[in-house]
Amino acid sequence: MAASCKPLLFSYFRSSCSWRVRIALALKDIEYDLHPVSLIKNGGEQYSEEYKKVNPMQQVPALRIDGFTLNQSLAIIEYLDETRPNPPLFPKDPKRRAQVRMISDHITAGIQPLQNLYVLEKIGDTKLEWAQHFIIRGFQALEKMLQDSAGQYCVGDQVTMADLCLVPQVANADRFKVDMALYPTITRINQSLLELDAFLVTHPSRQPDTPPELRAKTP
């Protein structure tokens, strides 16, 4: 693919990993084409031989951009930030940058993988309790971490990669009926971020592959 071509995002509407990347693309005002990959239809389109050529791990998202294909949401976000630096998704201060990566890794490695679809399918009848356990465990730690780093958002008053990870994870917590009243800092930041256009237009309820019954109602 020529470097001048519009990026192509392989995404699933409810995938929190895909949502992170959609937010980054929106914040940076990058136009892209979307290729929906249903994680449910026909046993999961991510398991097709065609998609395996896109991402051998058979997960979403994947992004074709600048003549090559990237997967893993944080790698994609960091590449976008390095090649299209405005607005920046990392602070200039090294300590603040480390906090962004710490919070991002905490969510994307310590919480989200333990309650994603592939894992829950292996758990069986106790999947709700399993997901709640790991989200609660992760949020208890995250609430304390944010008390040291947060301003208006996760790290100070600048939207960073950490915020792109937080909002989709809170949506997952809501879906798994976690009591968010126990996490006032997380809740406050999440509410502030959901007032920003980049988080609203990329919401799972507003995607081309969102089922009609889950689609956001328009006024």
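As the structure is a prediction and not an experimental result, all values here were calculated from the model.
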Chemist: Are L182 and F176 connected in a single hydrophobic cluster, I mean Ile/Leu/Val/Met/Phe/Trp/Tyr linked by side-chain heavy atoms less than 4.5 Å apart?
Modeler: yes
Chemist: Return the minimal non-hydrogen interatomic distance between M180 and A173, and the atom names on each side.
Modeler: SD-CB, 3.9 Å
Chemist: Between OH of Y12 and CD1 of I40, what distance do you get to the nearest 0.5 Å?
Modeler: 4.5 Å
Chemist: Identify the residue among V167, V159, D163, L27 that makes a side chain to side chain contact (heavy atoms under 4.5 Å, CB included) with L196.
Modeler: V159
Chemist: Would you confirm whether N55, through its side chain, and Q59, through its main-chain N or O, come within 3.5 Å as a donor-acceptor pair?
Modeler: yes
Chemist: Hey, are the side chains of R84 and D29 touching, using non-hydrogen atoms and a 4.5 Å cut-off?
Modeler: no
Chemist: Using side-chain heavy atoms (C-beta onward) and a distance below 4.5 Å, is N116 in contact with V119?
Modeler: yes
Chemist: For residues T108 and R20, determine if any side-chain heavy atom of one lies less than 4.5 Å from a side-chain heavy atom of the other.
Modeler: yes
Chemist: Could you check whether any side-chain heavy atom of L74 comes within less than 4.5 Å of a side-chain heavy atom of C165, counting everything from C-beta outward?
Modeler: yes
Chemist: Please find the pair of heavy atoms, one from S11 and one from D209, that lie closest to each other, and give the distance.
Modeler: O-OD2, 4.0 Å
Chemist: So, applying side chain to side chain contact (heavy atoms under 4.5 Å, CB included) with V37, which one of L9, V60, V54 is it?
Modeler: V60
Chemist: Starting at CD1 of I111, measure out to CG of N172 and round the result to the nearest 0.5 Å.
Modeler: 10.0 Å
Chemist: For R101, enumerate each residue passing the salt bridge (charged side-chain N to carboxylate O under 4.0 Å, His left out) test, keeping only those at least two apart in sequence or located in another chain.
Modeler: E78
Chemist: Would you confirm whether W130, through its side chain, and L114, through its main-chain N or O, come within 3.5 Å as a donor-acceptor pair?
Modeler: yes
Chemist: Drop me the distance from T83's OG1 to I30's CD1, to the nearest 0.5 angstrom.
Modeler: 6.5 Å
Chemist: A131 and L120: which non-hydrogen atoms are nearest, and at how many Å?
Modeler: CB-CD2, 4.2 Å
Chemist: With distance as the sole test, does R22 use its side chain to make a donor-acceptor pair with the main-chain N or O of T202 at under 3.5 Å?
Modeler: yes
Chemist: Any Lys/Arg nitrogen of K28 or D81 sitting under 4.0 Å from an Asp/Glu carboxylate oxygen of the other?
Modeler: yes
Chemist: Verify the cluster assignment for Y32 and L200: are they in a single hydrophobic cluster under the rule of side-chain heavy atoms below 4.5 Å apart?
Modeler: no
Chemist: Taking the hydrophobic residues Ile, Leu, Val, Met, Phe, Trp and Tyr, and joining any pair whose side-chain heavy atoms are under 4.5 Å apart, which ones share a cluster with Y118?
Modeler: Y47
Chemist: Is the CG atom of D125 crowded by more than 12 outside heavy atoms at less than 6.0 Å?
Modeler: no
Chemist: If Ile, Leu, Val, Met, Phe, Trp and Tyr residues are connected whenever their side-chain heavy atoms lie under 4.5 Å apart, and connections chain through other members, are L128 and I135 in the same group?
Modeler: yes
Chemist: Could you go through residues 86-94 and list every donor-acceptor pair under 3.5 Å that involves a side-chain atom there, pairing it with any protein atom two or more places apart or in another chain?
Modeler:
unit_1	atom_1	unit_2	atom_2	d
D93	OD2	K95	N	3.2
D93	OD2	R96	N	3.0

Chemist: Is E31 atom CD crowded by more than 12 heavy atoms from other residues, nucleotides or ligands, each under 6.0 Å away?
Modeler: no
Chemist: Any pair with a residue in residues 127-137 that passes salt bridge (charged side-chain N to carboxylate O under 4.0 Å, His left out), sequence neighbours left out, goes on the list, sorted by first then second residue, please.
Modeler: none
Chemist: For Q58 and S48, which heavy atoms make the closest approach, and how far apart are they?
Modeler: NE2-O, 4.4 Å
Chemist: Can you tell me how far the CE atom of M161 sits from the OG atom of S73, to the nearest 0.5 Å?
Modeler: 8.5 Å
Chemist: Answer whether the closest heavy-atom distance between the side chains of L194 and V170 falls below 4.5 Å.
Modeler: no
Chemist: Under the rule for ring pair (Phe, Tyr, Trp, His ring centres under 6.0 Å), what residues qualify as partners of H106, not counting sequence neighbours?
Modeler: none
Chemist: Tell me the salt bridge (charged side-chain N to carboxylate O under 4.0 Å, His left out) pairs involving residues 33-61, sequence neighbours left out?
Modeler: K6-D33
Chemist: Could you check whether any side-chain heavy atom of L166 comes within less than 4.5 Å of a side-chain heavy atom of I103, counting everything from C-beta outward?
Modeler: no
Chemist: Please collect all salt bridge (charged side-chain N to carboxylate O under 4.0 Å, His left out) contacts where either partner lies in residues 174-198, sequence neighbours excluded, each pair once.
Modeler: none
Chemist: Roughly how far apart are T160 OG1 and Q99 CD, rounded to 0.5 Å?
Modeler: 9.5 Å
Chemist: State, to 0.1 Å, how close S38 and Q46 come at their nearest heavy-atom pair, and which atoms those are.
Modeler: O-OE1, 3.3 Å
Chemist: Using ring pair (Phe, Tyr, Trp, His ring centres under 6.0 Å) as the criterion, list what pairs up with Y183, not counting sequence neighbours.
Modeler: F139
Chemist: Side-chain donor-acceptor pairs under 3.5 Å in residues 142-151, sequence neighbours left out?
Modeler:
unit_1	atom_1	unit_2	atom_2	d
E143	OE1	T185	N	3.4
E143	OE1	I186	N	3.2
E143	OE2	T185	N	2.8
E143	OE2	T185	OG1	2.7
S149	OG	C154	O	2.7

Chemist: Can you name the side-chain contact (heavy atoms from CB on, under 4.5 Å) partners of L70, sequence neighbours left out?
Modeler: F68, I76, Y79
Chemist: How would you list all residue pairs meeting ring-ring contact (aromatic ring centres under 6.0 Å, His included) that involve residues 156-175, not counting sequence neighbours?
Modeler: none
Chemist: Can you list the residues that meet the ring pair (Phe, Tyr, Trp, His ring centres under 6.0 Å) rule with Y51, with sequence neighbours excluded?
Modeler: F10
Chemist: Please say yes or no: joined through hydrophobic side-chain contacts below 4.5 Å, possibly via intermediate residues, are L39 and L214 part of one cluster?
Modeler: yes
Chemist: I189, M102: one ILVMFWY side-chain cluster at the under-4.5 Å cut-off?
Modeler: yes
Chemist: Quick one: are W19 and L164 in side-chain contact, heavy atoms under 4.5 Å?
Modeler: no
Chemist: Rounded to the nearest 0.5 Å, what's the gap from CZ on F13 to NE2 on H203? Could you check?
Modeler: 11.0 Å
Chemist: Please walk me through it: do L80 and L63 pass side chain to side chain contact (heavy atoms under 4.5 Å, CB included)?
Modeler: CA-CA 10 Å; L80 292 175; L63 183 68; 4.2 Å; yes
